[in-house]
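Below you'll find the structure, written out as structure tokens, and then a few comments.
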Amino acid sequence: MYNFKEIEKKWQKYWSDNKSFEVDIDKNKTPYYILVEFPYPSGSGLHVGHVRSYTAQDALARMKRMQGYNVLYPMGWDAFGAPAEQYAIKNHIHPKDAVRENIKTFKGQMQSLGFSFDWSREFSTTDPEYYKWTQWQFLQFYKHNMAYKATVPVNWCPSCKSVLSNEDAAGGVCERCGSTVIQKEKSQWMLKMSEYAEDLLNGLDDTNFAEKVKLGQINWIGKSKGVEVDIDIVGGGKFSIFTTCIETIYGITFFVIAPDGKLVKELMPRIENKEEVNKYIEETSKKSNMDRTELNKGKSGVELKGIKAINPVNGKEVPIFLGDFVLGDYGTGAVMAVPAHDERDFEYAKEHNLEIIEVITGGDIKTKAYEKYDYLENKDARLINSDKFNGLTIQEAKEKITHMLKEKGIAREVNNYKMRDWIFSRQRFWGEPIPMVYCEKCGWQPLDEKDLPLLLPDVAEYEPTDNGESPLAKIPEFVNTTCPKCKGLAKRETDTMPNWAGSSWYFLRFMDPHNDNSFASMDAMKYWKRVDWYNGGMEHTARHLLYARFWVQFLYNIGLVPSKEMIWTRVSHGMILGSNGEKMSKSKGNVINPDDIVKEFGADALRTYEMFIGDYEKDAAWSTNGLKGCKKFLDRIYNLGNKLNDSNDYTKDILVLINQTIKKVTEDLNNMKYNTAVSALMILLNNLESLEQVSRKDYRTLLHLLNPIAPHITEELNEKYNLGNKLFESSWPTYDKNNLENDTFTMVVQVNGKVRGKLDTKVTADEEEIKKLAFNLDNVKLFIDGKEIVKVIIIPKKIINIVVK
RNA sequence: GCCUGUGUGGUGAAAUUGGUAUACACGAAGCACUCAAAAUGCUUUGACUUGUUCGUGUCGGUUCGAGUCCGACCACAGGCACCA
């Protein structure tokens, strides 16, 4: 048992006093930027899940430093957001104070774990020096016509009288009080993210994201190629529909339009059953998005009486319906309904007794729709009931029908994206104030850049208002101001930015965190170049990553960052679950507090265990016995020092093993295979322990290789036995290519693919020699005697397989 | 429903990418030390019908050889979900 408490404190102090991990631009060294998602400093302190990813990236950072890279490994705080606000309301303290306290706790915990962050670059998104630049960047969005105000539906809890984020309204009920959430129209700031859909797709080629991460981005953007077609209304007027299945256009038996769209409002004067229609529109608005998606068993809707639309390919007049399965903000808010070949249209037609016309062969449309997923797979599918297009394949029909409609000038090929513009307003106190002013005369005006930051007022009232406005609206000193343009009386925007804002560019700020003249200098960004490794939770690989990429691409387009993609590799870690295999939570009583573990077993043991626990990208259940095993491993490392001697004569076996271990650990750390890196070190230890004596050189190598994972004990032992320079300041061990293999190796002898014996052979043995030895094994003879030898397969240094009949 | 993963001992998991399945660790059992326990060390530990045996979710295929490749299916986990 070694005194980890003393040792760990000693080295933490040393690193801190000597600013061991602070970095500057150094053009003689290759930069390497390792980033972990900066945490939201909650009241409950650091989670053992944080420890996993921070240790993993810390190990990489420490190794890369020893390999001579100029490693940037920063840490900061993502401290705006609703949880901090609610925590503050509950405990009657200002969010600012709550955040300060929590950051102190988090930082202390991180330091007690020995993470090699460059603390000189620390900042919080809530620092005015930081959010000044978040606001400044918002103004750039505005000035480049990328930010606009629009009235959009938001989640509204009628009981709390509060606007909720989608996350807070999950399941269609308010997270706080459990009431049913409804949709309410509110005027919100929006960022034109949809304009970047194509760029965000293309940009993926310039990244090294894992395929599943790329797919997540692609799915979120949700590109659909299709055709927009103009549809005439009987008696004048027209509208457009969007379809990806133009080949089914002869199968139209009705149209469906969105109840929340513009079209129905335009048609209203001509509708005969206004009352019924208005009632349906109102009912829909009361349903949240959740209701609309979850109650999809039936297909509700109502016909617009008195209005018929004309199918452009055959002149057929068909009815128009309202249906809430059609969304007002996607495509054109209107669809052609082809019940024979679309499941939703099919259900709708059944529900409302509408005609079903089959236009593609191969399905059985009596029972269900023959959908595109099926007919596109069917090579024999042909068009029917489609006039001159009858008999064509799907591909031919797609092209020819599109061509015909384009010729007529009533259709165009378009792409649609599921990704919408980014709703950028929150009716919350604890966020970056949006630096805009509304003047009766001049309209919305941006704040002068030199007046930034626009500070959050230092007040006692920050609780939500009754009418769903931001708490800032209640503070006259904040609201009332002068117009930046005409200097007349004006009012400030009282909404704040979403939590995602500050985290969309923080990785740029880390490159140059104290800059007062810009959010980060071009020089600094050009030197550090990009984030080489970005680690975070799986839950952020879709949205946060997309927002951050959008933000960077915009800054790139206006010339403020050096490249279009500033994040190279994205990796995500698995969760640490409770010992019962469930997610850790207070209510389940399975929470492990890292502080307790550090106290009882030491930081090195916790770090080693979390690296050894399993595949880094997979979830893993906590096991205190597993942790004890790792502690035991460190104790044995410590005790191995008793066997040191100065002699240098060791066997080839050990020499080879050491070189193999150097190779294995180096590669594993580079590939996020921490569990096998630790196991390789355990194997090396087991072998060294079995020796009478261990050379100082080998011991130092073992300590060096373990240092990125368990930095305190290894540094201490290196010093205790006076083995050389401090490990973290020494070059990472390299292996000798000529000593990766033993002089002899074991050859497996198989007969018909089954292991029947083993041979120890010299590396120099040729095939004939090996064959002779193999055929002479007693157990092999037993299996081949009296049989015809068909062939013999020899895989060098691995296997010899004798095939007999 | 769609997309993405994952299925290997009592448990967490390895397997050089088609070449000895179960490395490393935990747990368990036995032994040593001890008055005793803890700690530590050593030994054993896939299964059974104990053998030219079976065994990586199931069934089939390719191959001299399959955890790994191909086809079909089952189960679990995560993400998206009326996106026309």
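Chain identifiers are assigned alphabetically (A, B, ...) following the order of the sequence lines, protein sequences preceding nucleic acid strands; residue numbering begins at 1 within each chain.
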Can you check the distance between [N] and [M], where both ends of the measurement are the [atom1] atom (answer in whole Å)?
N: rU8(B); M: rA77(B); atom1: P; result: 15 Å
N: rG41(B); M: rA25(B); atom1: P; result: 11 Å
N: rU4(B); M: rU11(B); atom1: P; result: 30 Å
N: rU62(B); M: rG67(B); atom1: P; result: 16 Å
N: rA15(B); M: rG7(B); atom1: P; result: 12 Å
N: rA21(B); M: rA66(B); atom1: C1'; result: 11 Å
N: rC54(B); M: rA36(B); atom1: P; result: 49 Å
N: rU16(B); M: rG55(B); atom1: C1'; result: 23 Å

Give a yes/no on whether any side-chain N or O of [X] is located under 4.0 angstrom from OP1 or OP2 of [N].
X: Tyr373(A); N: rC2(B); result: no
X: Asn219(A); N: rA81(B); result: no
X: Lys791(A); N: rC64(B); result: yes
X: Arg344(A); N: rC83(B); result: yes

Practice prompt. Report the residue (Thr332(A) or Lys212(A)) whose heavy-atom-nearest nucleotide on RNA chain B is the more 5′ of the two.
Written response: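 With Thr332(A) and Lys212(A) compared, the 5'-side residue is Lys212(A).
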
Discussion item. Nearest heavy atom decides the nucleotide; on that basis, is Val678(A) or Arg756(A) closer to the 5' end of RNA chain B?
Written reply: Val678(A)

Worksheet item: Got a sec, which pairs hit side-chain hydrogen bond (donor to acceptor under 3.5 Å, both in side chains) with one end in residues 676-689 of chain A, sequence neighbours left out?
Response: Arg636(A)-Asn686(A), Arg636(A)-Glu689(A), Asp668(A)-Thr676(A)

Across the strands shown, which category fits [X] at heavy-atom distances under 4.0 angstrom: base, sugar-phosphate, nothing?
X: Arg420(A); answer: base
X: Asn686(A); answer: sugar-phosphate
X: Phe612(A); answer: base
X: Val335(A); answer: base

Worksheet item: What string of B, S and - do you get for nucleotides 14-21 of chain B, 5' to 3', when a contact is any protein heavy atom under 4.0 Å?
Response: SSB--BBS

Discussion item. Glu667(A): which residues meet the salt bridge (charged side-chain N to carboxylate O under 4.0 Å, His left out) condition with it, sequence neighbours left out?
Written reply: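 So Glu667(A) forms a salt bridge (charged side-chain N to carboxylate O under 4.0 Å, His left out) with Lys663(A).
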
Considering only NZ, NE, NH1 and NH2 on the basic side and carboxylate oxygens on the acidic side, decide whether [X] and [Y] come within less than 4.0 Å.
X: Lys628(A); Y: Glu600(A); answer: no
X: Lys398(A); Y: Glu247(A); answer: yes
X: Lys631(A); Y: Asp635(A); answer: yes

Protein-nucleotides 44-50 of chain B N/O pairs closer than 3.5 Å?
none

Worksheet item: Syn versus anti for rG55(B), judged by chi lying within 90° of 0?
Response: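 Anti conformation for rG55(B).
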
Discussion item. Is rU56(B) syn or anti, taking syn as a glycosidic angle within 90° of 0?
Written reply: anti

How long is the line joining [atom1] of [X] and [atom2] of [N], in whole Å?
X: Glu788(A); N: rC64(B); atom1: CD; atom2: C1'; result: 14 Å
X: Asn779(A); N: rG51(B); atom1: CG; atom2: P; result: 14 Å
X: Leu546(A); N: rC80(B); atom1: CG; atom2: P; result: 13 Å
X: Phe601(A); N: rA39(B); atom1: CZ; atom2: C1'; result: 13 Å
X: Asp619(A); N: rU4(B); atom1: CG; atom2: P; result: 19 Å
X: Lys754(A); N: rG51(B); atom1: NZ; atom2: C1'; result: 11 Å
X: Glu347(A); N: rA84(B); atom1: CD; atom2: C1'; result: 14 Å
X: Asn639(A); N: rG41(B); atom1: CG; atom2: P; result: 8 Å

Considering residues at least two apart in sequence or located in another chain, which fulfil the side-chain contact (heavy atoms from CB on, under 4.5 Å) criterion with [X]?
X: His341(A); answer: Thr248(A), Val338(A), Glu358(A), Val359(A), Ile360(A), Tyr370(A), Tyr375(A)
X: Lys754(A); answer: Arg756(A)
X: Ala710(A); answer: Asp604(A), Thr608(A), Leu634(A), Leu706(A), Ile713(A)
X: Thr402(A); answer: Val227(A), Ile246(A), Lys406(A), Glu413(A)

Closest listed nucleotide, where the reference is the side chain of [X] and the choices are [options]:
X: Leu215(A); options: rU4(B), rC82(B), rC83(B); value: rU4(B)
X: Ser224(A); options: rC24(B), rC82(B), rA84(B); value: rA84(B)
X: Ile683(A); options: rA84(B), rA23(B), rU53(B); value: rA23(B)

Under 3.5 Å, N/O pairs linking protein and nucleotides 26-28 of chain B:
from	atom 1	to	atom 2	distance (Å)
rC26(B)	OP1	Lys632(A)	NZ	3.3
rG27(B)	OP1	Asn625(A)	OD1	3.4

Worksheet item: Taking only residues two or more places apart in sequence, or in another chain, which ones meet Tyr348(A) in a ring-ring contact (aromatic ring centres under 6.0 Å, His included)?
Response: Phe254(A), Phe321(A), Phe325(A), His352(A)

May I ask you to check whether [X] and [Y] show a side-chain donor-acceptor distance below 3.5 Å?
X: Asn590(A); Y: Asn580(A); value: yes
X: Tyr616(A); Y: Asn671(A); value: no
X: Thr744(A); Y: Asp760(A); value: no
X: Tyr280(A); Y: Ser300(A); value: yes
X: Glu617(A); Y: His573(A); value: no
X: Lys225(A); Y: Thr244(A); value: no

Fill in: Stems involving RNA chain B, each a run of at least 3 consecutive Watson-Crick or G-U pairs under 3.5 Å
B:1-7 with B:74-80, B:10-12 with B:24-26, B:27-32 with B:40-45, B:57-61 with B:69-73

Quiz: residues 328-335 of chain A side-chain donor-acceptor pairs under 3.5 angstrom, not counting sequence neighbours:
from	atom 1	to	atom 2	distance (Å)
Asp329(A)	OD1	Arg420(A)	NH1	2.8
Asp329(A)	OD2	Arg420(A)	NH1	2.9
Thr332(A)	OG1	Ser240(A)	O	2.7
Thr332(A)	OG1	Ala334(A)	N	3.4
Thr332(A)	OG1	Ala334(A)	O	3.3

